[in-house]
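Okay, handing you the structure first.
Below, each value reflects all heavy atoms present in this structure, side chains not excepted, and no hydrogens, waters or symmetry copies. Here is the naming used below: chain letters follow the sequence lines, and residue numbers restart at 1 for every chain.
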There are 2 protein chains.
Amino acid sequence: MGIAERKERDKTERRQSILDAAQHLFIEQGFEKVSMRNIADAIEYSPATIYLYFKDKNELLFALQNQAFGRLAQEFESVFEIEHPAERLSAIGHKYLTFAFAHPELFQLMFVMNGPMEAVKARGEAQPWASGRAAFDRVVRAMQAGIDAGVFRHADAEVAALLVWAQVHGLATIYLSNRAMIFSEERRQTIIEEAMNLFNQVLHHGL
Amino acid sequence: MGIAERKERDKTERRQSILDAAQHLFIEQGFEKVSMRNIADAIEYSPATIYLYFKDKNELLFALQNQAFGRLAQEFESVFEIEHPAERLSAIGHKYLTFAFAHPELFQLMFVMNGPMEAVKARGEAQPWASGRAAFDRVVRAMQAGIDAGVFRHADAEVAALLVWAQVHGLATIYLSNRAMIFSEERRQTIIEEAMNLFNQVLHHGL
DNA sequence: CAAATATACTGAACGGTGTTCAGATTTACC
DNA sequence: GGTAAATCTGAACACCGTTCAGTATATTTG
(Lines give C-alpha, C1' and ligand atoms only; values in the text may rest on other atoms or scores of the structure.)
Protein backbone atom coordinates (compact mmCIF):
# COMPACT_ATOMS: atom_id res chain seq x y z
CA MET A 1 0.00 0.00 0.00
CA GLY A 2 3.00 2.30 -0.55
CA ILE A 3 1.29 4.19 -3.32
CA ALA A 4 -1.88 4.86 -1.38
CA GLU A 5 0.22 6.18 1.48
CA ARG A 6 2.18 8.48 -0.77
CA LYS A 7 -1.05 9.82 -2.23
CA GLU A 8 -2.42 10.47 1.20
CA ARG A 9 0.78 12.27 2.13
CA ASP A 10 0.73 14.30 -1.06
CA LYS A 11 -2.83 15.30 -0.38
CA THR A 12 -2.13 16.54 3.14
CA GLU A 13 0.94 18.30 1.81
CA ARG A 14 -1.10 20.20 -0.75
CA ARG A 15 -3.69 20.95 1.88
CA GLN A 16 -0.96 22.34 4.06
CA SER A 17 0.45 24.41 1.20
CA ILE A 18 -2.97 26.03 0.80
CA LEU A 19 -3.01 26.83 4.51
CA ASP A 20 0.52 28.19 4.34
CA ALA A 21 -0.37 30.46 1.44
CA ALA A 22 -3.49 31.63 3.25
CA GLN A 23 -1.58 32.32 6.45
CA HIS A 24 1.04 34.21 4.53
CA LEU A 25 -1.65 36.36 2.91
CA PHE A 26 -3.24 36.85 6.31
CA ILE A 27 -0.12 38.13 7.97
CA GLU A 28 1.29 39.98 4.99
CA GLN A 29 -1.79 41.63 3.53
CA GLY A 30 -4.46 41.52 6.21
CA PHE A 31 -7.62 39.46 6.43
CA GLU A 32 -9.55 41.55 3.90
CA LYS A 33 -7.18 40.39 1.19
CA VAL A 34 -7.60 36.71 2.02
CA SER A 35 -9.97 35.67 -0.75
CA MET A 36 -10.27 32.24 -2.28
CA ARG A 37 -9.04 33.75 -5.54
CA ASN A 38 -5.99 35.35 -3.92
CA ILE A 39 -5.08 32.12 -2.15
CA ALA A 40 -5.50 30.25 -5.44
CA ASP A 41 -3.26 32.75 -7.22
CA ALA A 42 -0.58 32.36 -4.56
CA ILE A 43 -0.35 28.61 -5.03
CA GLU A 44 -1.02 28.82 -8.78
CA TYR A 45 -4.17 26.75 -8.60
CA SER A 46 -7.67 27.45 -9.74
CA PRO A 47 -10.00 28.74 -7.00
CA ALA A 48 -12.18 25.69 -7.54
CA THR A 49 -9.29 23.42 -6.52
CA ILE A 50 -9.31 24.74 -2.96
CA TYR A 51 -12.78 23.31 -2.57
CA LEU A 52 -11.33 19.83 -3.06
CA TYR A 53 -9.39 20.31 0.19
CA PHE A 54 -11.79 22.48 2.19
CA LYS A 55 -15.55 22.38 2.29
CA ASP A 56 -15.77 26.16 2.18
CA LYS A 57 -13.90 29.27 3.25
CA ASN A 58 -15.06 29.01 6.86
CA GLU A 59 -13.59 25.53 7.08
CA LEU A 60 -10.28 26.86 5.75
CA LEU A 61 -10.34 29.71 8.27
CA PHE A 62 -11.08 27.20 11.00
CA ALA A 63 -8.05 25.11 10.05
CA LEU A 64 -5.97 28.27 10.03
CA GLN A 65 -7.33 29.21 13.43
CA ASN A 66 -6.29 25.88 14.91
CA GLN A 67 -2.81 26.40 13.54
CA ALA A 68 -2.68 29.86 15.10
CA PHE A 69 -3.68 28.43 18.48
CA GLY A 70 -0.57 26.32 18.27
CA ARG A 71 1.46 29.51 18.15
CA LEU A 72 -0.32 30.98 21.14
CA ALA A 73 0.20 27.80 23.12
CA GLN A 74 3.90 28.12 22.35
CA GLU A 75 3.85 31.67 23.75
CA PHE A 76 2.18 30.39 26.89
CA GLU A 77 4.76 27.63 27.47
CA SER A 78 7.24 29.58 29.58
CA VAL A 79 4.53 31.05 31.79
CA PHE A 80 3.83 27.86 33.65
CA GLU A 81 7.19 27.90 35.36
CA ILE A 82 6.07 30.90 37.42
CA GLU A 83 5.05 29.78 40.87
CA HIS A 84 3.18 32.76 42.29
CA PRO A 85 -0.47 32.47 41.09
CA ALA A 86 -1.13 36.18 40.62
CA GLU A 87 2.11 36.61 38.75
CA ARG A 88 1.45 33.60 36.58
CA LEU A 89 -1.99 34.95 35.68
CA SER A 90 -0.66 38.39 34.95
CA ALA A 91 2.05 36.80 32.80
CA ILE A 92 -0.61 34.93 30.84
CA GLY A 93 -2.47 38.21 30.36
CA HIS A 94 0.70 39.88 29.24
CA LYS A 95 1.43 37.14 26.71
CA TYR A 96 -2.14 37.34 25.41
CA LEU A 97 -1.87 41.08 24.88
CA THR A 98 1.59 40.84 23.35
CA PHE A 99 0.37 38.20 20.95
CA ALA A 100 -2.58 40.39 19.95
CA PHE A 101 -0.29 43.30 19.13
CA ALA A 102 2.39 41.20 17.46
CA HIS A 103 -0.03 39.21 15.27
CA PRO A 104 -3.21 41.29 15.04
CA GLU A 105 -4.50 39.37 12.03
CA LEU A 106 -4.05 35.99 13.69
CA PHE A 107 -5.60 37.34 16.87
CA GLN A 108 -8.69 38.45 14.99
CA LEU A 109 -8.88 35.06 13.33
CA MET A 110 -8.76 33.35 16.71
CA PHE A 111 -10.90 35.63 18.83
CA VAL A 112 -12.91 38.06 16.71
CA MET A 113 -13.83 36.82 13.25
CA ASN A 114 -17.11 35.07 12.68
CA GLY A 115 -16.09 32.71 9.88
CA PRO A 116 -14.14 30.11 11.84
CA MET A 117 -16.88 29.88 14.48
CA GLU A 118 -19.45 29.26 11.76
CA ALA A 119 -17.36 26.25 10.77
CA VAL A 120 -17.29 25.13 14.40
CA LYS A 121 -21.06 25.34 14.51
CA ALA A 122 -21.44 23.52 11.20
CA ARG A 123 -19.28 20.67 12.47
CA GLY A 124 -21.66 20.13 15.35
CA GLU A 125 -19.08 18.40 17.48
CA ALA A 126 -19.78 17.32 21.04
CA GLN A 127 -16.85 19.41 22.28
CA PRO A 128 -16.95 22.47 20.03
CA TRP A 129 -13.93 24.74 19.63
CA ALA A 130 -11.51 22.42 21.40
CA SER A 131 -8.51 24.66 20.67
CA GLY A 132 -10.22 27.61 22.34
CA ARG A 133 -11.25 25.47 25.27
CA ALA A 134 -7.68 24.16 25.68
CA ALA A 135 -6.30 27.70 25.80
CA PHE A 136 -8.92 28.77 28.31
CA ASP A 137 -8.24 25.73 30.47
CA ARG A 138 -4.72 26.99 31.04
CA VAL A 139 -6.17 30.15 32.53
CA VAL A 140 -8.61 28.12 34.61
CA ARG A 141 -5.81 25.92 35.94
CA ALA A 142 -3.71 28.93 36.89
CA MET A 143 -6.73 30.44 38.60
CA GLN A 144 -7.52 27.21 40.44
CA ALA A 145 -3.95 27.09 41.70
CA GLY A 146 -4.43 30.59 43.07
CA ILE A 147 -7.67 29.67 44.78
CA ASP A 148 -6.12 26.53 46.26
CA ALA A 149 -3.22 28.61 47.55
CA GLY A 150 -5.73 30.95 49.18
CA VAL A 151 -4.62 33.95 47.11
CA PHE A 152 -8.01 34.33 45.42
CA ARG A 153 -11.22 34.25 47.36
CA HIS A 154 -13.71 33.38 44.64
CA ALA A 155 -14.60 29.71 44.64
CA ASP A 156 -15.44 29.19 40.97
CA ALA A 157 -12.19 29.14 39.02
CA GLU A 158 -13.97 29.15 35.67
CA VAL A 159 -15.90 32.31 36.44
CA ALA A 160 -12.83 34.10 37.72
CA ALA A 161 -10.80 32.90 34.72
CA LEU A 162 -13.47 34.21 32.36
CA LEU A 163 -13.29 37.59 34.04
CA VAL A 164 -9.51 37.70 33.69
CA TRP A 165 -9.72 36.63 30.06
CA ALA A 166 -12.41 39.21 29.33
CA GLN A 167 -10.35 41.94 30.98
CA VAL A 168 -7.34 41.46 28.75
CA HIS A 169 -9.44 40.55 25.74
CA GLY A 170 -11.37 43.79 26.15
CA LEU A 171 -8.20 45.86 26.20
CA ALA A 172 -6.88 44.08 23.12
CA THR A 173 -10.07 44.40 21.07
CA ILE A 174 -10.70 48.02 22.05
CA TYR A 175 -7.28 48.85 20.70
CA LEU A 176 -7.35 46.63 17.62
CA SER A 177 -10.83 47.78 16.57
CA ASN A 178 -9.57 51.36 16.61
CA ARG A 179 -11.81 52.27 19.52
CA ALA A 180 -8.80 53.62 21.39
CA MET A 181 -9.04 56.50 18.95
CA ILE A 182 -10.63 58.51 21.72
CA PHE A 183 -7.12 58.84 23.12
CA SER A 184 -4.42 60.94 21.53
CA GLU A 185 -1.86 59.00 19.57
CA GLU A 186 0.84 59.25 22.25
CA ARG A 187 -1.59 58.39 25.00
CA ARG A 188 -2.88 55.43 23.02
CA GLN A 189 0.52 53.77 23.17
CA THR A 190 0.85 53.96 26.93
CA ILE A 191 -2.65 53.85 28.37
CA ILE A 192 -3.14 50.18 27.55
CA GLU A 193 0.04 49.43 29.42
CA GLU A 194 -1.08 51.55 32.37
CA ALA A 195 -4.40 49.76 32.41
CA MET A 196 -2.56 46.44 32.45
CA ASN A 197 -0.48 47.63 35.40
CA LEU A 198 -3.65 48.53 37.27
CA PHE A 199 -5.05 45.13 36.38
CA ASN A 200 -1.98 43.46 37.80
CA GLN A 201 -2.39 45.45 40.99
CA VAL A 202 -5.96 44.21 41.26
CA LEU A 203 -4.78 40.65 40.69
CA HIS A 204 -2.08 40.88 43.33
CA HIS A 205 -4.57 42.48 45.69
CA GLY A 206 -6.40 39.16 45.61
CA LEU A 207 -9.30 39.67 43.17
CA MET B 1 -35.87 81.84 0.33
CA GLY B 2 -38.68 79.52 1.44
CA ILE B 3 -38.04 77.14 -1.37
CA ALA B 4 -34.35 76.73 -0.63
CA GLU B 5 -35.21 75.96 2.96
CA ARG B 6 -37.78 73.39 1.97
CA LYS B 7 -35.27 71.76 -0.35
CA GLU B 8 -32.71 71.58 2.38
CA ARG B 9 -35.31 70.07 4.69
CA ASP B 10 -36.38 67.58 2.04
CA LYS B 11 -32.78 66.58 1.53
CA THR B 12 -32.13 65.89 5.19
CA GLU B 13 -35.43 64.04 5.34
CA ARG B 14 -34.42 61.76 2.50
CA ARG B 15 -31.04 61.30 4.09
CA GLN B 16 -32.77 60.30 7.29
CA SER B 17 -35.08 57.91 5.47
CA ILE B 18 -32.01 56.14 4.09
CA LEU B 19 -30.62 55.86 7.61
CA ASP B 20 -33.94 54.59 8.93
CA ALA B 21 -34.11 51.93 6.24
CA ALA B 22 -30.53 50.93 6.95
CA GLN B 23 -31.13 50.74 10.69
CA HIS B 24 -34.24 48.68 10.14
CA LEU B 25 -32.27 46.26 7.97
CA PHE B 26 -29.53 46.18 10.59
CA ILE B 27 -31.81 45.23 13.44
CA GLU B 28 -34.17 43.03 11.48
CA GLN B 29 -31.79 41.11 9.25
CA GLY B 30 -28.33 41.53 10.75
CA PHE B 31 -25.36 43.47 9.48
CA GLU B 32 -24.45 40.99 6.75
CA LYS B 33 -27.67 41.84 4.95
CA VAL B 34 -27.04 45.58 5.03
CA SER B 35 -25.86 46.15 1.48
CA MET B 36 -26.22 49.32 -0.53
CA ARG B 37 -28.54 47.46 -2.87
CA ASN B 38 -30.74 46.18 -0.05
CA ILE B 39 -31.02 49.65 1.45
CA ALA B 40 -31.84 51.03 -1.99
CA ASP B 41 -34.54 48.39 -2.46
CA ALA B 42 -36.07 49.23 0.91
CA ILE B 43 -36.51 52.90 0.04
CA GLU B 44 -37.27 52.16 -3.62
CA TYR B 45 -34.31 54.12 -4.93
CA SER B 46 -31.44 53.13 -7.13
CA PRO B 47 -28.23 52.16 -5.28
CA ALA B 48 -26.47 55.05 -7.00
CA THR B 49 -28.84 57.53 -5.33
CA ILE B 50 -27.51 56.71 -1.87
CA TYR B 51 -24.15 58.06 -2.96
CA LEU B 52 -25.75 61.50 -3.38
CA TYR B 53 -26.37 61.52 0.37
CA PHE B 54 -23.36 59.58 1.66
CA LYS B 55 -19.82 59.58 0.39
CA ASP B 56 -19.60 55.81 0.74
CA LYS B 57 -20.87 52.93 2.83
CA ASN B 58 -18.50 53.65 5.69
CA GLU B 59 -19.85 57.18 5.94
CA LEU B 60 -23.38 55.77 6.10
CA LEU B 61 -22.37 53.31 8.80
CA PHE B 62 -20.74 56.14 10.69
CA ALA B 63 -23.97 58.17 10.63
CA LEU B 64 -25.84 55.08 11.80
CA GLN B 65 -23.31 54.60 14.57
CA ASN B 66 -23.82 58.12 15.85
CA GLN B 67 -27.54 57.51 15.90
CA ALA B 68 -27.02 54.32 17.89
CA PHE B 69 -24.89 56.18 20.42
CA GLY B 70 -27.93 58.32 21.08
CA ARG B 71 -29.76 55.20 22.14
CA LEU B 72 -26.98 54.11 24.46
CA ALA B 73 -26.85 57.57 26.03
CA GLN B 74 -30.57 57.23 26.69
CA GLU B 75 -29.91 53.94 28.50
CA PHE B 76 -27.23 55.60 30.59
CA GLU B 77 -29.51 58.48 31.67
CA SER B 78 -30.99 56.92 34.77
CA VAL B 79 -27.63 55.70 36.04
CA PHE B 80 -26.40 59.12 37.04
CA GLU B 81 -28.91 59.40 39.84
CA ILE B 82 -27.04 56.71 41.75
CA GLU B 83 -24.86 58.29 44.40
CA HIS B 84 -22.52 55.50 45.43
CA PRO B 85 -19.56 55.51 42.99
CA ALA B 86 -19.02 51.77 42.84
CA GLU B 87 -22.70 51.15 42.38
CA ARG B 88 -22.94 53.80 39.68
CA LEU B 89 -20.04 52.24 37.81
CA SER B 90 -21.44 48.77 38.10
CA ALA B 91 -24.80 50.12 36.89
CA ILE B 92 -23.08 51.60 33.84
CA GLY B 93 -21.46 48.25 33.21
CA HIS B 94 -24.77 46.50 33.57
CA LYS B 95 -26.44 48.87 31.11
CA TYR B 96 -23.58 48.40 28.64
CA LEU B 97 -23.92 44.64 28.80
CA THR B 98 -27.71 44.74 28.62
CA PHE B 99 -27.51 46.98 25.57
CA ALA B 100 -25.08 44.60 23.90
CA PHE B 101 -27.44 41.65 24.39
CA ALA B 102 -30.60 43.57 23.53
CA HIS B 103 -29.20 45.15 20.35
CA PRO B 104 -26.26 43.00 19.28
CA GLU B 105 -26.20 44.42 15.76
CA LEU B 106 -26.11 48.02 16.97
CA PHE B 107 -23.48 47.09 19.53
CA GLN B 108 -21.26 45.63 16.83
CA LEU B 109 -21.77 48.75 14.75
CA MET B 110 -20.68 50.92 17.67
CA PHE B 111 -17.86 48.89 19.17
CA VAL B 112 -16.72 46.13 16.83
CA MET B 113 -17.15 46.84 13.12
CA ASN B 114 -14.35 48.39 11.17
CA GLY B 115 -16.36 50.37 8.61
CA PRO B 116 -17.52 53.28 10.76
CA MET B 117 -14.03 53.81 12.16
CA GLU B 118 -12.63 53.94 8.64
CA ALA B 119 -14.99 56.84 8.04
CA VAL B 120 -13.78 58.47 11.25
CA LYS B 121 -10.21 58.15 10.03
CA ALA B 122 -11.10 59.47 6.57
CA ARG B 123 -12.72 62.54 8.11
CA GLY B 124 -9.47 63.38 9.83
CA GLU B 125 -11.13 65.50 12.49
CA ALA B 126 -9.19 67.03 15.36
CA GLN B 127 -11.45 65.24 17.86
CA PRO B 128 -12.10 61.93 16.18
CA TRP B 129 -15.01 59.70 17.23
CA ALA B 130 -16.70 62.32 19.40
CA SER B 131 -19.69 60.10 20.14
CA GLY B 132 -17.43 57.36 21.49
CA ARG B 133 -15.46 59.87 23.50
CA ALA B 134 -18.67 61.32 24.97
CA ALA B 135 -19.83 57.88 26.08
CA PHE B 136 -16.44 57.10 27.61
CA ASP B 137 -16.39 60.46 29.41
CA ARG B 138 -19.42 59.38 31.38
CA VAL B 139 -17.45 56.42 32.69
CA VAL B 140 -14.47 58.65 33.43
CA ARG B 141 -16.64 61.11 35.37
CA ALA B 142 -18.18 58.33 37.41
CA MET B 143 -14.71 56.98 38.12
CA GLN B 144 -13.38 60.42 39.05
CA ALA B 145 -16.25 60.82 41.48
CA GLY B 146 -15.22 57.55 43.07
CA ILE B 147 -11.60 58.62 43.33
CA ASP B 148 -12.58 61.97 44.82
CA ALA B 149 -14.76 60.19 47.34
CA GLY B 150 -11.78 58.03 48.29
CA VAL B 151 -13.46 54.80 47.19
CA PHE B 152 -10.92 54.09 44.47
CA ARG B 153 -7.21 54.35 45.06
CA HIS B 154 -5.91 54.74 41.56
CA ALA B 155 -5.18 58.34 40.72
CA ASP B 156 -5.76 58.32 36.95
CA ALA B 157 -9.50 58.18 36.33
CA GLU B 158 -9.05 57.65 32.59
CA VAL B 159 -6.88 54.57 33.05
CA ALA B 160 -9.25 53.09 35.61
CA ALA B 161 -12.26 53.89 33.42
CA LEU B 162 -10.60 52.18 30.47
CA LEU B 163 -10.05 49.10 32.57
CA VAL B 164 -13.70 49.05 33.62
CA TRP B 165 -14.85 49.57 30.05
CA ALA B 166 -12.54 46.84 28.78
CA GLN B 167 -13.77 44.42 31.44
CA VAL B 168 -17.41 44.67 30.42
CA HIS B 169 -16.58 45.07 26.74
CA GLY B 170 -14.55 41.87 26.90
CA LEU B 171 -17.43 39.91 28.39
CA ALA B 172 -19.83 41.27 25.77
CA THR B 173 -17.59 40.57 22.79
CA ILE B 174 -16.55 37.11 23.97
CA TYR B 175 -20.20 36.19 24.08
CA LEU B 176 -21.31 37.94 20.90
CA SER B 177 -18.43 36.56 18.85
CA ASN B 178 -19.48 33.04 19.85
CA ARG B 179 -16.31 32.50 21.84
CA ALA B 180 -18.41 31.52 24.86
CA MET B 181 -18.96 28.30 22.93
CA ILE B 182 -16.42 26.68 25.21
CA PHE B 183 -19.17 26.62 27.82
CA SER B 184 -22.22 24.39 27.65
CA GLU B 185 -25.37 26.12 26.50
CA GLU B 186 -26.87 26.31 29.98
CA ARG B 187 -23.64 27.53 31.50
CA ARG B 188 -23.25 30.14 28.78
CA GLN B 189 -26.41 31.86 29.92
CA THR B 190 -25.35 32.22 33.53
CA ILE B 191 -21.57 32.46 33.56
CA ILE B 192 -21.53 35.97 32.10
CA GLU B 193 -23.84 37.06 34.88
CA GLU B 194 -21.65 35.35 37.48
CA ALA B 195 -18.59 37.06 36.05
CA MET B 196 -20.39 40.39 36.28
CA ASN B 197 -21.21 39.67 39.90
CA LEU B 198 -17.57 39.00 40.61
CA PHE B 199 -16.66 42.19 38.79
CA ASN B 200 -19.07 44.13 40.98
CA GLN B 201 -17.46 42.60 44.05
CA VAL B 202 -14.06 43.78 42.84
CA LEU B 203 -15.47 47.24 42.21
CA HIS B 204 -17.01 47.46 45.66
CA HIS B 205 -13.81 46.18 47.15
CA GLY B 206 -12.25 49.38 45.90
CA LEU B 207 -10.39 48.48 42.70
C1' DC C 1 -0.04 -2.92 -24.03
C1' DA C 2 -4.79 -0.98 -24.30
C1' DA C 3 -8.98 0.10 -22.30
C1' DA C 4 -11.47 1.47 -18.28
C1' DT C 5 -11.55 3.77 -14.19
C1' DA C 6 -10.37 6.81 -10.61
C1' DT C 7 -8.10 11.09 -9.35
C1' DA C 8 -6.95 15.90 -9.99
C1' DC C 9 -7.82 20.06 -11.79
C1' DT C 10 -10.09 24.07 -14.26
C1' DG C 11 -13.02 27.64 -17.08
C1' DA C 12 -16.96 29.55 -16.96
C1' DA C 13 -20.79 30.76 -14.89
C1' DC C 14 -24.27 32.40 -10.98
C1' DG C 15 -25.64 35.67 -7.87
C1' DG C 16 -23.85 38.67 -4.76
C1' DT C 17 -20.82 43.02 -3.18
C1' DG C 18 -19.23 48.49 -3.30
C1' DT C 19 -18.72 52.04 -6.50
C1' DT C 20 -18.71 55.22 -10.70
C1' DC C 21 -20.53 57.88 -14.42
C1' DA C 22 -22.81 59.24 -18.64
C1' DG C 23 -27.25 60.10 -19.58
C1' DA C 24 -32.24 60.73 -18.57
C1' DT C 25 -35.71 62.89 -15.87
C1' DT C 26 -37.69 66.13 -12.99
C1' DT C 27 -37.77 70.66 -10.78
C1' DA C 28 -36.89 75.72 -10.32
C1' DC C 29 -35.96 80.07 -12.28
C1' DC C 30 -36.05 83.94 -15.68
C1' DG D 1 -41.79 78.45 -22.69
C1' DG D 2 -37.05 77.71 -22.53
C1' DT D 3 -32.90 77.31 -19.96
C1' DA D 4 -30.36 75.87 -16.14
C1' DA D 5 -29.89 73.32 -12.04
C1' DA D 6 -30.90 69.56 -9.16
C1' DT D 7 -32.06 64.78 -8.87
C1' DC D 8 -32.13 60.17 -10.11
C1' DT D 9 -30.83 55.81 -12.62
C1' DG D 10 -29.06 51.80 -15.81
C1' DA D 11 -25.29 49.82 -16.88
C1' DA D 12 -20.93 48.82 -16.19
C1' DC D 13 -16.35 47.60 -13.51
C1' DA D 14 -13.85 44.83 -10.55
C1' DC D 15 -14.24 42.19 -6.90
C1' DC D 16 -16.37 38.20 -3.79
C1' DG D 17 -17.74 32.78 -2.49
C1' DT D 18 -19.31 28.88 -4.69
C1' DT D 19 -20.76 25.19 -8.13
C1' DC D 20 -20.38 22.11 -11.91
C1' DA D 21 -19.69 20.17 -16.40
C1' DG D 22 -15.82 18.94 -18.68
C1' DT D 23 -10.75 18.09 -19.41
C1' DA D 24 -6.39 16.13 -18.38
C1' DT D 25 -3.58 13.07 -15.86
C1' DA D 26 -2.49 8.91 -13.33
C1' DT D 27 -3.67 4.26 -11.79
C1' DT D 28 -5.78 -0.18 -12.13
C1' DT D 29 -7.62 -3.83 -14.59
C1' DG D 30 -8.43 -7.14 -18.48
Seminar exercise, completed: Of A48(A) and S35(A), the one whose nearest nucleotide on DNA chain D sits closer to the 5' end is S35(A)
Problem set entry | Side-chain N or O of N38(B) closer than 4.0 Å to phosphate OP1/OP2 of dG16(C) | no
For this session: Return no unless some side-chain N or O of Y45(B) is found under 4.0 Å from OP1 or OP2 of dT9(D).
Result: no
Exercise. For residues Q201(B) and N197(B), is any side-chain donor paired with an opposing acceptor at under 3.5 Å?
Worked result: no
Exercise. Could you give the CG-to-P distance, from D10(A) to dT27(D), as a whole number of Å?
Worked result: 10 Å
For this session: Indicate whether OP1 or OP2 belonging to dT10(C) is found under 4.0 Å from a side-chain N or O atom of T49(A).
Result: yes
Exercise. Quick one: does Q29(B)'s side chain have a donor or acceptor within less than 3.5 Å of a partner on V34(B)'s backbone?
Worked result: no
For this session: For E44(B) and dT7(D), give me the distance from atom CD to atom C1', rounded to whole Å.
Result: 17 Å
For this session: Can you figure out which of dT7(D), dC9(C), dC16(D) approaches the side chain of R37(A) most closely?
Result: dC16(D)
Exercise. Rounding to a whole Å, what distance do you find between K57(B):NZ and dT20(C):C1'?
Worked result: 17 Å
Problem set entry | Between dT7(D) (C1') and Y51(B) (OH): distance, integer Å | 18 Å
For this session: Name the nucleic acid region contacted by K11(B), choosing base, sugar-phosphate or nothing; use a 4.0 angstrom heavy-atom cut-off, strictly under.
Result: sugar-phosphate
Exercise. Taking atom types as modelled, is there a side-chain donor on N38(B) or S35(B) under 3.5 Å from an acceptor on the other?
Worked result: yes
Exercise. Is the shortest side-chain N/O distance from Y53(A) to OP1 or OP2 of dA8(C) below 4.0 Å?
Worked result: no
Exercise. Can you tell me how far P of dG18(C) sits from CD1 of I18(B), to the nearest Å?
Worked result: 14 Å
Seminar exercise, completed: Against the side chain of S46(A), the closest entry in dC8(D), dT10(C), dT19(D) is dT10(C)
Seminar exercise, completed: From CG of D56(B) across to C1' of dC15(D) the rounded distance in Å is 16 Å
For this session: Could you check if a side-chain atom of E28(A) sits within less than 4.5 angstrom of a side-chain atom of E105(A), using non-hydrogen atoms only?
Result: no
Problem set entry | Gap between atoms NZ and P, on K33(B) and dC16(D) respectively (whole Å) | 22 Å
Exercise. For the residue pair F111(A) and Y96(A), does the interplanar ring angle fall in the parallel (under 30°), tilted (30 to 60°) or perpendicular (over 60°) class?
Worked result: tilted
Problem set entry | Nearest-angstrom distance from the residue atom CG of L52(A) to P of dG11(C) | 13 Å
Seminar exercise, completed: Per nearest nucleotide of DNA chain D, the residue lying toward the 5' end, P47(A) or I50(B), is I50(B)
